[in-house]
Student: 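Sending over a structure as structure tokens; questions will come in a sec.
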Amino acid sequence: MKTASVADSTQEVLKLLEGVSEEDLRATLLHLNATEEKNYDELWKRCKKDLHFWVFNYAAAVNLHMEAIVEDGDEAPSESIDLFPDFPHVRMVLDALKDPKNILIDKSRDMMATWSLCAIFCHDLLFQEAAPLLMASRRFDDVDDGGEDSTTDSLMGRVRFIYENLPDWQKVRAPLRVKTGLMRNTANSSYIAGVKAV
């Protein structure tokens, strides 16, 4: 049903364009692209200014469905890739972590505190000028388990995962270079260095 309506719409558009000169068509497409870019510029400014807006509308995380273990008796939870849920505790964690300071988060598992921290690092990497960011953990593999091939089992792997799932118009404005233990935004000179805590 959807396919037919899309095909019909495409045919209608093609019929409308039959009488349009190539020059007019090019001018129309340029106008549409310019309008789209202007919209992206405005969205970029909003994302830079409003951490919550960016996280809840653009940042993706791996959601482990722990309830499946309890209900079905499975040994491993199922997982999906979802945008961050706009839950009060996630907002509180984001607010507590967005300004650099020493804090203690008394939490249970699966509250997305680690994912939230990684989202803040990704936001700073994208939007702050020349931000020097440091990630550390007891084992280096917990910080970065593979550079360009890192997984969501590591902190920098989670930052890379969030970045890779952003829309292209954001990635174009903040191109990253990734290698083991280092992520650098080549547009604004911000970087994340990963180290083993000693």
Side-chain angles (χ1 to χ4, degrees), residues 51 54-56 58-70 72-85 87 89-168 170-171 173-198:
L51 174 66
W54 180 78
V55 167
F56 297 128
Y58 296 105
V62 175
N63 184 8
L64 296 176
H65 300 282
M66 302 304 284
E67 69 278 2
I69 296 174
V70 176
D72 300 335
D74 291 339
E75 290 186 20
S78 62
E79 58 182 50
S80 60
I81 298 171
D82 303 311
L83 289 175
F84 273 65
F87 294 151
H89 71 273
V90 175
R91 282 183 172 270
M92 286 176 12
V93 169
L94 290 171
D95 289 338
L97 294 172
K98 71 180 171 185
D99 294 320
K101 60 184 172 250
N102 290 327
I103 63 166
L104 172 67
I105 299 176
D106 185 18
K107 72 172 199 78
S108 64
R109 294 186 62 76
D110 305 316
M111 285 183 60
M112 297 196 69
T114 305
W115 274 101
S116 297
L117 174 68
C118 292
I120 291 168
F121 268 73
C122 189
H123 186 269
D124 288 350
L125 186 63
L126 295 179
F127 298 107
Q128 281 194 24
E129 262 326 293
L133 306 165
L134 178 67
M135 281 192 149
S137 192
R138 289 173 296 179
R139 296 181 325 122
F140 187 75
D141 279 353
D142 292 337
V143 178
D144 189 348
D145 63 354
E148 290 181 337
D149 298 318
S150 58
T151 71
T152 55
D153 292 335
S154 69
L155 296 171
M156 292 180 79
R158 289 182 185 198
V159 173
R160 191 180 67 78
F161 178 87
I162 293 167
Y163 176 82
E164 291 297 329
N165 283 282
L166 292 173
D168 288 339
Q170 288 189 21
K171 291 189 281 190
R173 286 165 170 75
L176 292 191
R177 294 180 85 191
V178 178
K179 56 184 182 180
T180 303
L182 184 66
M183 299 177 83
R184 181 178 298 280
N185 180 337
T186 59
N188 68 6
S189 299
S190 291
Y191 66 88
I192 302 172
V195 296
K196 175 183 173 181
V198 291

Student: I need the S154 OG to R160 CZ distance, nearest 0.5 Å.
Tutor: 8.0 Å

Student: Could you measure the distance from the OG1 atom of T114 to the CG atom of L155? Nearest 0.5 Å is fine.
Tutor: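 Separation between the atoms: 7.0 Å.
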
Student: Show the nearest heavy-atom pair for residues Y58 and L83, with the distance to one decimal.
Tutor: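 So the minimum-distance heavy-atom pair works out to C-CD2, 3.6 Å.
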
Student: Kindly write out the residues that satisfy ring-ring contact (aromatic ring centres under 6.0 Å, His included) with F56, not counting sequence neighbours, or none if the list is empty.
Tutor: H52

Student: Just so I know, are the side chains of W115 and I162 near enough to count as touching, which here means a heavy-atom distance under 4.5 Å?
Tutor: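 Contact flag for W115/I162 side chains = yes.
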
Student: Please name all residues satisfying salt bridge (charged side-chain N to carboxylate O under 4.0 Å, His left out) with K171, sequence neighbours left out, ordered by chain then number.
Tutor: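 Salt bridge (charged side-chain N to carboxylate O under 4.0 Å, His left out) list for K171, sorted by chain: D168.
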
Student: Between A60 and N165, which heavy-atom pair has the shortest distance, and what is it?
Tutor: CB-CB, 3.9 Å

Student: Using residues 128-140 as the side-chain source, report each donor-acceptor pair under 3.5 Å to any protein atom, sequence neighbours left out, with the distance given to one decimal.
Tutor:
from: Q128; atom 1: NE2; to: D124; atom 2: OD1; distance (Å): 3.1
from: R139; atom 1: NE; to: D142; atom 2: OD2; distance (Å): 3.4
from: R139; atom 1: NH2; to: D142; atom 2: OD1; distance (Å): 3.0

Student: Taking all non-hydrogen atoms of both residues into account, name the closest pair between L51 and H123 and its distance.
Tutor: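 Heavy atoms only, the tightest pair is CD1-CG, 3.6 Å.
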
Student: Any chance you could measure F161, atom CZ, to S150, atom OG, to the nearest 0.5 Å?
Tutor: 11.0 Å

Student: For S116, check side chain to side chain donor-acceptor pair (under 3.5 Å) against everything at least two apart and list the hits.
Tutor: none

Student: Only counting residues at least two apart or in another chain, list the ones meeting side chain to side chain donor-acceptor pair (under 3.5 Å) with W54.
Tutor: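 For W54, the residues satisfying side chain to side chain donor-acceptor pair (under 3.5 Å) (neighbours in sequence not counted) are Q170.
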
Student: We want to know whether T151 and D145 form a side-chain donor-acceptor pair, criterion being a heavy-atom distance below 3.5 angstrom.
Tutor: yes

Student: Check whether any side-chain N or O of R158 sits under 3.5 Å from a backbone N or O of T152 as a donor-acceptor pair, and report yes or no.
Tutor: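 It does hold such a pair.
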
Student: Do I192 and L182 have side chains that get closer than 4.5 Å, going by heavy atoms?
Tutor: no

Student: Just to verify, what does R177 make a side-chain contact (heavy atoms from CB on, under 4.5 Å) with, not counting sequence neighbours?
Tutor: T186

Student: Find out whether L125 and M183 are in side-chain contact, i.e. whether some heavy atom of one side chain is under 4.5 Å from a heavy atom of the other.
Tutor: yes

Student: Can you name the side-chain contact (heavy atoms from CB on, under 4.5 Å) partners of A187, sequence neighbours left out?
Tutor: P175, N185

Student: Of all residues at least two apart in sequence or in a different chain, which pass the salt bridge (charged side-chain N to carboxylate O under 4.0 Å, His left out) check with R173?
Tutor: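 If we apply the salt bridge (charged side-chain N to carboxylate O under 4.0 Å, His left out) test to R173, skipping adjacent residues, the hits are E37, D41.
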
Student: Tell me every residue that passes salt bridge (charged side-chain N to carboxylate O under 4.0 Å, His left out) with D141, counting only those two or more places apart in sequence or in another chain.
Tutor: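 By the salt bridge (charged side-chain N to carboxylate O under 4.0 Å, His left out) rule, D141 matches no residue at all.
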
Student: Should V55 and L94 be marked as a side-chain contact (heavy atoms from CB on, under 4.5 Å) after you check the CA-CA gap, both sets of side-chain angles, and the distance that decides it?
Tutor: CA-CA 9 Å; V55 167; L94 290 171; 4.0 Å; yes

Student: Check ring-ring contact (aromatic ring centres under 6.0 Å, His included) between Y191 and all other residues, then give those that pass, not counting sequence neighbours.
Tutor: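 By the ring-ring contact (aromatic ring centres under 6.0 Å, His included) rule, Y191 matches no residue at all.
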
Student: Can you name the residues that form a side-chain contact (heavy atoms from CB on, under 4.5 Å) with L117, not counting sequence neighbours?
Tutor: L97, F121

Student: S190: what forms a side chain to side chain donor-acceptor pair (under 3.5 Å) with it, not counting sequence neighbours?
Tutor: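 Side chain to side chain donor-acceptor pair (under 3.5 Å) check on S190 returns N188.
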
Student: If you take all heavy atoms of A61 and M112, which pair is closest and at what distance?
Tutor: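 Shortest heavy-atom separation between A61 and M112 comes out as CB-CE, 3.7 Å.
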
